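What follows is a short report on a single structure.
Below, read A as the first sequence line, B as the second, and so on, with proteins coming before strands; counting in each chain starts at 1. Every value quoted in this text rests on a predicted model; they were computed, and no experiment measured them.
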Amino acid sequence: MSFSKILTRWYSVNKRNLPWRETKNPYFIWLSEIILQQTQVKQGLPYYEAFITKFPTVFDLAKADESEVLKLWQGLGYYSRARNLHFTAKYVVDELNGAFPNTYKELLKLKGVGDYTASAIASICYDESTAVVDGNVYRVLSRCFGIDTPINSTSGIKEFKALAQELIDTKDPATFNQAIMEFGATQCRPKNPDCMFCQFQEKCIAYNEGKVDTLPVKLKKLKVKQRYFNFLVFLSEDKQTVLEKREGKGIWQNLYQFPLIETEKSLEYDAFLKLVKTHPYLKNKTFELRQYNNAPKVHKLSHQHLNTTFWTVTTESVENGIPFENITDYPVPILIGKFIEGFGGF
DNA sequence: AAAGCGGGGTC
DNA sequence: GACCCAGCTTT
């Protein structure tokens with residue numbers, strides 16, 4: 001039996017019921033695919049529900065402010081996805097009258113849509129025979145065909161795309177693409193794959209040569225940078241605080257945060273007090289400084305560890321403040337969100 | 001070709 | 001701790 005036949009037969013029995021599998025509407029498919037980039041179904045699902053509820057059509061999404069979109073995205077990470085999502089919604093509405101492109105080639109031109117997402121939308125919505133290659137597909141193909149080319153090398157990317165394109169069921173590319181991803185997600189898992197009940201047991205090279213645990217091959221590991229964040233949580237007599245929008249490059253672009261002082265290392269109370277006394281935020285001001293968390297809280301991003309201390313700064317008044325009770329209106333990194341939740345307020 | 005970009009989950 | 005996740009963009 002062919003690879004495709006075994007796979008789609010497995011899928012017909014084992015597929016999960018997921019809301020985006022009930023539609024071919026390109027808006028819903030596009031939205032789900034952006035949410036699911038580098039994100040597990042379990043984590044993305046509630047966000048998908050929230051987005052289709054608040055923004056039932058691409059027109060609704062296009063009309064929103066970017067901050068509203070980021071607020072709804074809060075906690076999901078990789079916030080460029082949300083910014084690009086909003087940008088593309090506006091583009092589709094303003095330039096394409098709300099109609100999404102209907103070919104792989106045209107979809108690829110949308111901001112935030114790369115090879116994977118263009119292939120997914122083109123196949124699922126328009127039955128175009130373009131193979132998706134995501135983390136699941138790399139794993140399934142590298143194991144089944146015993147390919148040890150690094151999946152994040154230029155040659156590996158080409159090789160796996162070509163193989164997937166060769167294997168795809170041109171009669172039903174939508175089902176094939178979803179089946180191979182589902183198979184990777186639930187059966188051919190990274191750890192503890194279910195080889196005992198696998199339909200590919202006979203032909204899987206990794207299984208038959210004992211290489212399941214060493215495939216796929218991935219190059220290098222990134223080194224984690226240590227950073228030291230100090231957030232100033234202003235508390236004024238009229239119950240205001242200060243939030244600033246993160247501009248420019250780097251993490252959390254366009255999200256809000258308490259005024260930040262980044263240091264070279266973690267500082268104790270006395271050293272930090274001395275520092276902030278001369279800092280523009282507090283120079284020549286009267287304030288009372290309190291250290292909220294004794295030991296720095298380590299917030300782990302994939303490439304940075306943020307050693308974070310929150311400091312409350314009680315003052316008579318603040319400039320450019322916002323009522324503390326309105327703080328949850330603003331999109332914030334989850335690190336800030338968790339602090340606010342635990343802190344409560346005045 | 002390599003780096004930058006989140007947060008949650010698993011082992 | 002290390003690794004992974006329905007990847008994309010920028011340098």
Side-chain angles (χ1 to χ4, degrees), chain A residues 11 15-16 18-21 28-48 70 73-85 87-88 107-121 123-124 131-140 150-158 160-161 164 174 176-186 188-193 213-214 216-225 227 246 248-255 298-306 331-338:
Chain A
Y11 183 63
K15 67 183 278 195
R16 291 170 289 182
L18 298 169
W20 48 84
R21 292 205 172 132
F28 294 130
I29 299 301
W30 165 70
L31 177 59
S32 72
E33 294 300 346
I34 303 297
I35 287 175
L36 292 172
Q37 287 168 5
Q38 292 292 283
T39 303
Q40 296 195 351
V41 167
K42 186 180 175 186
Q43 188 187 4
L45 190 50
Y47 286 84
Y48 176 79
L70 285 170
W73 199 272
Q74 180 177 309
L76 198 55
Y78 284 153
Y79 296 93
S80 64
R81 291 184 292 170
R83 296 190 300 270
N84 289 336
L85 185 82
F87 179 94
T88 293
L107 285 160
L108 202 50
K109 295 177 183 173
L110 300 176
K111 198 173 282 191
V113 175
D115 184 85
Y116 163 77
T117 305
S119 299
I121 300 172
S123 61
I124 294 170
V132 295
V133 183
D134 72 338
N136 294 306
V137 177
Y138 282 121
R139 187 168 53 256
V140 171
I151 61 173
N152 54 346
S153 64
T154 304
S155 61
I157 291 168
K158 283 179 63 178
F160 284 98
K161 175 79 179 182
F176 177 92
N177 276 342
Q178 295 185 80
I180 192 168
M181 292 191 286
E182 185 82 339
F183 182 74
T186 67
C188 194
R189 297 178 295 261
K191 306 278 178 162
N192 303 324
D213 293 331
T214 62
V217 174
K218 201 170 182 177
L219 289 176
K220 81 173 185 262
K221 54 214 81 165
L222 43 80
K223 59 177 178 225
V224 175
K225 182 180 177 186
R227 299 179 73 180
R246 288 186 69 94
K249 299 189 184 307
I251 60 174
W252 302 333
Q253 198 178 117
N254 293 4
L255 274 68
V298 186
H299 184 71
K300 294 176 179 177
L301 308 182
S302 51
H303 54 299
Q304 301 180 17
H305 285 185
L306 309 176
V332 297
I334 207 64
L335 169 65
I336 305 281
K338 284 179 178 170

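In this entry the distance linking NZ of A:Lys220 with C1' of B:dG4 reads 11 Å, nearest Å. Atoms NZ (A:Lys225) and P (B:dG4) sit 8 Å apart, rounded to a whole Å. Rounded to an integer number of Å, the gap from CZ of A:Arg21 to P of C:dA6 is 11 Å. For A:Ile34 and C:dC5, the CD1 to C1' distance is 15 Å, given to the nearest whole Å. Between the CG atom of A:Asp134 and the P atom of C:dC4 there is a distance of 14 Å, rounded to whole Å. Note: CG (A:Leu255) to P (B:dG7) measures 8 Å, nearest angstrom. The CG atom of A:Asn136 sits 12 Å away from the C1' atom of C:dG7 (whole-angstrom rounding). Straight-line distance from the CZ atom of A:Arg227 to the C1' atom of B:dG4: 11 Å, rounded to whole Å.
Put simply, the side chain of A:Ser123 gets close to the backbone of A:Ala120: a donor and an acceptor are under 3.5 Å apart. Not one N or O on the side chain of A:Gln74 forms a donor-acceptor pair closer than 3.5 Å with the backbone of A:Pro333. Looking at A:Lys218, its side chain never comes within 3.5 Å of a backbone N or O of A:Ile151 through a donor-acceptor pair.
Note on A:Gln38: a side-chain N or O is less than 4.0 Å away from OP1 or OP2 of C:dG7. In terms of phosphate contacts, A:Trp73 brings no side-chain nitrogen or oxygen within less than 4.0 Å of OP1 or OP2 of B:dC5. For the pair A:Arg139 and C:dC5, the criterion of a side-chain N or O lying under 4.0 Å from OP1 or OP2 is met. Remark: A:Gln304 is in phosphate contact with B:dC5, judged by side-chain N or O atoms under 4.0 Å from OP1 or OP2. Taking 4.0 angstrom as the limit, A:Tyr79 places a side-chain polar atom (N or O) nearer than this to OP1 or OP2 of B:dG7.
Positionally, the nearest nucleotide of DNA chain B for A:Ser153 lies more toward the 5' end than for the other of A:Leu335 and A:Ser153.
Not counting sequence neighbours, the partners of A:Tyr138 by the ring-ring contact (aromatic ring centres under 6.0 Å, His included) test are A:Phe160. Under the ring-ring contact (aromatic ring centres under 6.0 Å, His included) criterion, A:Tyr48 pairs with A:Trp20, not counting sequence neighbours. Legend: residues meeting side chain to side chain donor-acceptor pair (under 3.5 Å) with A:Arg83, ordered by chain and number and at least two apart, are absent. For A:Glu182, the side chain to side chain donor-acceptor pair (under 3.5 Å) partners are A:Arg16, A:Arg21, not counting sequence neighbours.
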Give each protein N/O atom lying under 3.5 Å from an N/O atom of nucleotides 8-11 of chain C, with the pair distance.
| residue | atom | partner | partner atom | Å |
| --- | --- | --- | --- | --- |
| C:dC8 | OP1 | A:Gly114 | N | 2.7 |
| C:dC8 | OP1 | A:Gly114 | O | 3.3 |
| C:dC8 | OP1 | A:Thr117 | N | 3.0 |
| C:dC8 | OP1 | A:Thr117 | OG1 | 2.8 |
| C:dC8 | OP2 | A:Asp115 | N | 3.4 |
| C:dC8 | OP2 | A:Tyr116 | N | 3.4 |
| C:dT9 | OP1 | A:Gly112 | N | 2.5 |
| C:dT11 | OP1 | A:Lys249 | NZ | 3.1 |

N/O contacts under 3.5 Å, protein versus nucleotides 8-11 of chain B?
| residue | atom | partner | partner atom | Å |
| --- | --- | --- | --- | --- |
| B:dG8 | OP2 | A:Lys338 | NZ | 3.4 |

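With distances taken from any side-chain atom of A:His303 to the nucleotides B:dC5, C:dA6, B:dG6, the minimum falls on B:dC5. Which of B:dG6, C:dA6, B:dA3 sits closest to the side chain of A:Ala185 comes down to C:dA6.
For A:Thr39 and B:dG6, a side-chain-to-base donor-acceptor distance below 3.5 Å is present, hydrogens and geometry of angles not being considered.
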TODO: Mind running side chain to side chain donor-acceptor pair (under 3.5 Å) on A:Gln37 and A:Tyr116 for me, showing each step along the way?
DONE: CA-CA 9 Å; A:Gln37 287 168 5; A:Tyr116 163 77; over 6 Å; no
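Base engagement by A:Leu76 is indicated by at least one non-hydrogen atom pair under 4.0 Å involving a base atom. At a threshold of 4.0 angstrom between heavy atoms, the contacts of A:Trp20 include nucleobase atoms, whether or not backbone atoms are also involved. Among the atoms of the strands shown, none is found under 4.0 Å from any heavy atom of A:Arg83. At a threshold of 4.0 angstrom between heavy atoms, the contacts of A:Gly184 with the nucleic acid are absent.
In this structure, A:Leu76 and A:Arg81 approach most closely via the heavy-atom pair O-NH2, 3.2 Å.
Counting heavy atoms of neighbouring residues, nucleotides and ligands inside a 6.0 Å radius, atom CG of A:Asp213 does not exceed 12 of them.
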